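Heads up, the thing below is written out as structure tokens.
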Amino acid sequence: MQEQQIQRFFTTLQAANPLPASELEYSSVFELLAAVLLSAQATDVGVNKATRRLFPVANTPARILALGLDGLEAHIRTIGLYRSKARHLIQTCEILLARHGGQVPRSREALEALPGVGRKTANVVLNVAFGEPTCAVDTHIFRVSNRTGLAPGKTPLAVELTLVKRIPERFRVDAHHWLILHGRYVCQARKPRCAACSVADCCDFTPKTTAG
DNA sequence: ATCCCGAGGG
DNA sequence: CCCTCTGGAT
């Protein structure tokens, strides 16, 4: 995908969805962090189902810790990888209270030091909660970036660095949600819906009919 | 490279 | 049945 096509790609997605947002449900920065931590290799629908049980009972680090490991697991048992996520979330809450006054830190280093928080989750929090133009690369963004030719790369980090270079700054904050939603509903893993795709004409993957 | 790990879809 | 879902730790 060439530079002019990248402009068109994001301009088109922007026109269809001027104010894109996460489909994860949260009402505080801590809830966002917890929801994103729980969302690893899980659907947002499944995460929302669990957090609708969890957050009314425990939506602060102290309240999560008050649940204990078994109590937390009971609330999130329907999410894949729930045992490791419960353990990590508890360890993260302990660190938030011990080192950060119970608040979610704003630096990449501090975020990635939290158990269960890697580069992708840190990028999401930095972007969605704090407005930084980071490019979190999840399964959707990795696939869409490679398939369309927007940012080819063998690893998520390689894709991320290319995305930062290639996405114009004015699009970079919202690009996260545009790419995820595009991957979820149009550029799907198994059967990409190219016939219904608004950006097929600037995609390396979609077969294009020769002009004329 | 491997493990974790439930739910939904094809 | 198999694949996929806003990955991270070992």
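Every chain is numbered from 1, with letters handed out A, B, ... down the list of sequences. In this text the structure is predicted, and so the values were computed from the model without any measurement.
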Any side-chain donor paired with an acceptor under 3.5 Å for A/T134 and A/R108?
no
Spell out yes or no: do the side chain of A/S22 and the base of C/dT6 have one donor N/O and one acceptor N/O closer than 3.5 Å?
yes
With heavy atoms under 4.0 Å as the rule, sort A/V47 into base, sugar-phosphate or nothing.
nothing
For atom CD1 of A/I180 and atom C1' of C/dG7, their distance in whole Å
13 Å
Nearest to side-chain heavy atoms of A/T78, which nucleotide of C/dT6, B/dG10, B/dA7
B/dA7
What contact category does A/I79 fall into here, base, sugar-phosphate, or nothing, at under 4.0 angstrom with non-hydrogen atoms?
sugar-phosphate
When we call it a touch if two heavy atoms are under 4.0 Å apart, what does A/A42 touch: a base, just sugar-phosphate, or nothing?
base
OP1 or OP2 of C/dC5 sitting under 4.0 Å from any side-chain N/O of A/H140?
yes
Under 4.0 Å between any heavy atoms, over every strand shown, what does A/T121 touch: base, sugar-phosphate, or nothing? Just pick one.
sugar-phosphate
P-based separation of B/dA7 from C/dG8 [nearest Å]
22 Å
Between B/dC5 (P) and A/L37 (CG): distance, integer Å:
14 Å
Among C/dT6, B/dG6, C/dG7, find the nucleotide with the atom closest to the side chain of A/S39.
C/dT6
Side chain of A/Y82 - closest among C/dT4, B/dG6, C/dT6
B/dG6
Can you tell me which nucleotide in B/dG8, C/dT6, C/dC5 comes closest to the side chain of A/K49?
B/dG8
Anything under 30° is parallel, anything over 60° is perpendicular, the rest tilted; go ahead and classify A/F10 against A/W178.
tilted
Modelled atom types, side-chain donor and acceptor of A/E31 and A/S27, under 3.5 Å
yes
Between C1' of C/dA9 and CG of A/L89, the distance in whole Å
16 Å
Nucleotide nearest A/K120 (side chain, heavy atoms from C-beta), chosen from C/dC2, B/dA7, C/dT6:
C/dT6
Please determine whether the number of non-hydrogen atoms from other residues, nucleotides or ligands lying under 6.0 Å from atom CZ of A/R63 exceeds 12.
no
Say we look at C/dT6 and B/dC4: how far apart would their P atoms be, to the nearest angstrom?
22 Å
Please work out if A/V124 contacts a base, only the sugar-phosphate, or nothing of the nucleic acid, heavy-atom cut-off 4.0 Å.
base
Would you say a side-chain N or O of A/T139 is under 4.0 Å from OP1 or OP2 of C/dC5?
yes
Would you mind classifying the nucleic acid contact of A/H88 as base, sugar-phosphate or nothing, using non-hydrogen atoms under 4.0 angstrom?
sugar-phosphate
Over all strands shown, is A/P156 touching base, sugar-phosphate only, or nothing at heavy-atom distances under 4.0 angstrom?
nothing
Any ion pair linking A/K85 and A/E73 (charged N to carboxylate O, less than 4.0 Å)?
no
May I have the distance from A/E112 (atom CD) to C/dG8 (atom P), rounded to whole angstrom?
8 Å
Just checking A/L32: base, sugar-phosphate only, or nothing, at a heavy-atom cut-off of under 4.0 Å?
nothing
Touch class at under 4.0 angstrom, heavy-atom based, for A/G116 against every strand present
sugar-phosphate
Toward the 5' end of DNA chain C, by each residue's nearest nucleotide, A/R87 or A/A40:
A/A40
Testing the 3.5 Å rule here: is there a donor-acceptor pair between the side chains of A/Q14 and A/D174?
no
Over all strands shown, is A/L24 touching base, sugar-phosphate only, or nothing at heavy-atom distances under 4.0 angstrom?
base
So, is A/R184 close to the C/dC5 phosphate, meaning a side-chain N or O under 4.0 Å from OP1 or OP2?
no
